[in-house]
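The block underneath contains the structure these notes are about, expressed in structure tokens.
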Amino acid sequence: MAVLVIAEHDNQVLKTSTLNTITAAQKINNEVHLIILGKDIQTLSDTSKSIHLISKVLKCDNEKLENFLPEILAPIIVKTALSYSHVIAPASTFGKNLLPRISALLDTTQVSDIIGIENENTFIRPIYAGNAISHVQTNQEINLLTIRPSSFEKCENSGGEATLEEIPFIDSEAKTHFVSKEVSKSDRPELGSARIVVSGGRGLENSDNFKLLYDLADKLNAAVGASRAAVDSGYIGNEYQVGQTGKMVAPELYIAVGISGAIQHLAGMKESKVIVAINKDLEAPIFNVADYGLSSDLFQAIPEIIKELDLLNQIDS
Amino acid sequence: MKLVYFIEIQMKVLVAVKRVVDYKVQIRVKSDNSGVETQNVKMSVNPPDENAIEEAVKLKEQGIATETIAISIGEDKCQDVLRTSMAMGIDRSILVKSQNSLEPLAVAKTLKKIIEKEKPDLVLMGKQAIDDDSNQTGQILSALLNWPQGCFISSLKIEDKKVLISREVDEGIEKLETSLPAVLTCDLRLNTPRFASLPNIMKAKKKPLEAIEIETLDIDIEPKIKTLKVIDPPTRKAGVMVKDVKELVQKLKNEAKVI
Ligand SMILES: Cc1cc2nc3c(=O)[nH]c(=O)nc-3n(C[C@H](O)[C@H](O)[C@H](O)COP(=O)(O)OP(=O)(O)OC[C@H]3O[C@@H](n4cnc5c(N)ncnc54)[C@H](O)[C@@H]3O)c2cc1C
Ligand SMILES: Cc1cc2nc3c(=O)[nH]c(=O)nc-3n(C[C@H](O)[C@H](O)[C@H](O)COP(=O)(O)OP(=O)(O)OC[C@H]3O[C@@H](n4cnc5c(N)ncnc54)[C@H](O)[C@@H]3O)c2cc1C
């Protein structure tokens with residue numbers, strides 16, 4: 001039986017997490033279908049047909065699906081799920097919010113936050129903030145999985161020729177109503193999929209000082225991240241938090257600035273290819289995971305790095 | 001003579017509290033790779049469950065809630081997290097005794113049974129347990145009950161039967177309006193949990209704690225997933241300290257080749 005991937009999108013474009021999830025699905029079975037639920041998603045569905053690796057796009061278009069309330073999405077997906085061996089969603093707040101409801105309605109146990117796939121029944125997932133790795137086996141009629149997007153490459157967005165099928169909307173008359181969404185606007189790359197991430201912690205001291213980090217990020221075309229302490233102190237919004245209770249990232253380069261390196265923070269970034277730590281405390285645990293450590297005052301180091309990068313750019317051009 | 005009827009408005013809040021390895025403990029994988037060592041390590045209330053407790057107690061202090069109940073499912077020792085909950089201000093507790101470790105679906109089914117009996121108007125829980133990190137139980141429970149679901153909340157306002165929540169999502173903050181009864185899961189930013197004072201710890205010892213055997217609830221708690229092995233994560237090899245910014249930038253460019 002084929003594998004069904006639940007698309008995460010904003011009614012206009014697919015999130016990168018969907019492309020990561022398709023790659024994971026392909027490791028289970030060659031036949032992968034994509035289900036897209038939303039409002040005014042004709043264009044989105046049409047463009048999704050050309051995703052490499054997808055053979056069918058299922059579309060459910062209704063104005064009540066605009067804000068992706070799980071109470072409305074779940075029953076529709078459940079009906080479709082019955083003819084699949086696996087249903088997969090990204091372990092983003094979208095997938096975390098939705099898939100357990102499907103698990104309840106199908107009376108099936110879900111495996112959360114998978115970082116590796118051994119075969120169609122055996123999955124690898126971190127537990128205890130990544131301090132232990134668990135190999136679990138599930139052999140249920142329908143297997144429900146969320147995958148950690150940063151652990152799977154994103155698939156090609158072109159070259160495919162999938163068919164498109166409409167599926168009926170089911171109205172569940174949810175008692176929950178969408179009020180608003182405060183989305184931070186930024187031209188920087190998306191934190192979850194950026195090649196470089198520059199993260200700041202309590203060492204930055206206030207939100208004004210975070211501007212220093214934004215300047216560095218812009219020089220490197222990097223995304224900005226933060227520790228929980230920085231978010232809790234109001235230096236920056238919750239959507240920037242990296243860690244066990246925030247986002248999981250695995251960029252090519254992660255620069256931790258004024259972050260001590262608590263295990264809950266490491267849980268979200270220690271899979272990064274290269275880690276740089278800038279901290280004035282030589283004893284800070286972040287240095288234990290850093291490839292390059294710089295023991296220095298960040299207020300001195302960051303402007304110097306920016307200057308060095310400018311010099312490099314001049315030489316390069 | 002005119003008869004006056006007083007209809008007392010009841011608002012019961014149920015809080016699900018999980019006993020987990022304390023977040024400060026450096027955990028160890030068992031040598032036979034069957035799991036993580038939980039014997040002789042410090043156990044505590046799952047951190048976001050403390051936020052759920054705090055919110056319930058605040059609702060009572062504000063006169064919105066009339067009764068607060070904590071529930072934990074697990075071995076006898078879970079009594080300690082229930083006593084902690086009551087020391088923080090919860091009125092009474094229920095312990096559902098289970099020797100076996102339960103999957104989120106089984107935990108949610110157990111909670112549903114208790115909810116059918118206790119009939120709370122609001123269920124508060126943590127957004128995730130920091131041991132298994134499943135992030136499922138609240139969502140499952142909400143679907144099983146067919147109640148509104150509000151996950152990862154960082155603010156809560158209850159006016160009449162109207163519930164206003166802010167949810168922390170990947171893009172920022174989402175605001176929803178819903179109604180009671182509801183299941184809400186709490187983020188650490190919802191509030192600052194209070195410390196239990198010594199007098200309150202003493203008082204909590206006298207608060208009611210009811211124990212129920214899970215077998216008497218007649219639910220399917222058979223695990224559907226098998227753990228094959230639990231292993232240590234790969235360790236990162238130690239890096240180098242650079243002497244200054246110049247060296248750092250040179251290394252990133254010429255050695256690591258990432259900029
Ligand atoms: C259940 C639970 C979940 C959690 N989830 C997360 C999570 O998802 N993400 C997360 O990040 N945390 C999480 N935490 C919090 C975590 O335990 C730490 O408290 C937090 O990561 C600390 O943030 P920090 O490193 O910015 O602050 P601190 O630990 O205060 O470290 C600040 C660092 O900055 C350095 N510094 C200060 N000034 C300067 C300067 N001028 N120049 C250079 N260095 C300087 C200091 O030496 C220090 O090392 C969680 C905690 C719990 C209990
Ligand atoms: C394959 C597998 C192997 C397991 N092996 C072990 C093991 O070796 N040892 C072990 O102890 N457990 C084991 N468990 C159980 C596991 O640790 C969790 O208790 C269970 O999966 C619930 O998931 P969670 O706690 O991560 O739920 P989450 O969905 O992350 O929890 C969210 C919230 O649900 C509530 N909640 C969850 N559990 C309880 C509870 N018991 N009582 C009250 N409220 C609760 C809390 O409010 C919590 O904040 C295993 C589970 C699985 C699936």
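Here is the naming used below: chain letters follow the sequence lines, and residue numbers restart at 1 for every chain.
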Is any NZ, NE, NH1 or NH2 atom of the basic residue among Asp187(B) and Arg228(A) found under 4.0 Å from an Asp or Glu carboxylate oxygen of the other? yes
Sort out for me which of Gln250(B), Lys237(B), Glu255(B) touches chain A most, counting heavy-atom pairs under 4.5 Å. Glu255(B)
Which atoms of Ala290(A) approach chain B - backbone, side chain, both or neither, heavy atom under 4.5 Å: backbone
Under a 4.0 Å threshold between the charged nitrogen and the carboxylate oxygen, would Asp133(B) count as salt-bridged to Arg125(A)? no
Residue selection (most heavy-atom pairs with chain A, distance under 4.5 Å) from Ala108(B), Ser179(B), Ala182(B), Ser142(B): Ser142(B)
If you count heavy-atom pairs under 4.5 Å with chain B, which of Ala104(A), Ala267(A), Ser184(A) comes out on top? Ala104(A)
Region of Asn33(B) in contact with chain A, defined by heavy-atom distances below 4.5 Å: neither
In terms of heavy-atom pairs under 4.5 Å, which option from Asn143(A), Leu294(A), Asn97(A) contacts chain B the most? Asn97(A)
Any side-chain heavy atom of Ser112(A) sitting closer than 4.5 Å to one from Gln136(B)? yes
Checking heavy atoms, do the side chain of Ser103(A), its backbone, both or neither come under 4.5 Å from chain B? both
Sort Lys307(A) into side chain, backbone, both or neither according to what part of it lies under 4.5 angstrom from a heavy atom of chain B. neither
Heavy-atom distance under 4.5 Å to chain B: side chain of Glu8(A), backbone, both or neither? side chain
Can you give me the closest heavy-atom contact between Ser180(A) and Phe178(A), atom names plus distance? C-CZ, 3.5 Å
Between Gly172(B), Pro234(B), Gly239(B), the one whose heavy-atom pairs under 4.5 Å with chain A are most numerous: Gly172(B)
Residue Gln264(A) versus chain B: region with a heavy atom under 4.5 Å: side chain
Salt-bridge criterion met for Arg148(A) and Asp113(A) (N-O under 4.0 Å): yes
Please flag which part of Ile196(A) lies under 4.5 Å from any non-hydrogen atom of chain B: side chain, backbone, both or neither. side chain
Options Pro233(B), Pro148(B), Ser166(B), ranked by heavy-atom pairs under 4.5 Å with chain A, top entry: Pro233(B)
Chain B heavy atoms under 4.5 Å from Ile305(A): which part of the residue, side chain, backbone, both or neither? both
Looking at Asn121(A), Ile102(A), Asp107(A), Leu69(A), which one has more heavy-atom pairs under 4.5 Å with chain B than the rest? Asp107(A)
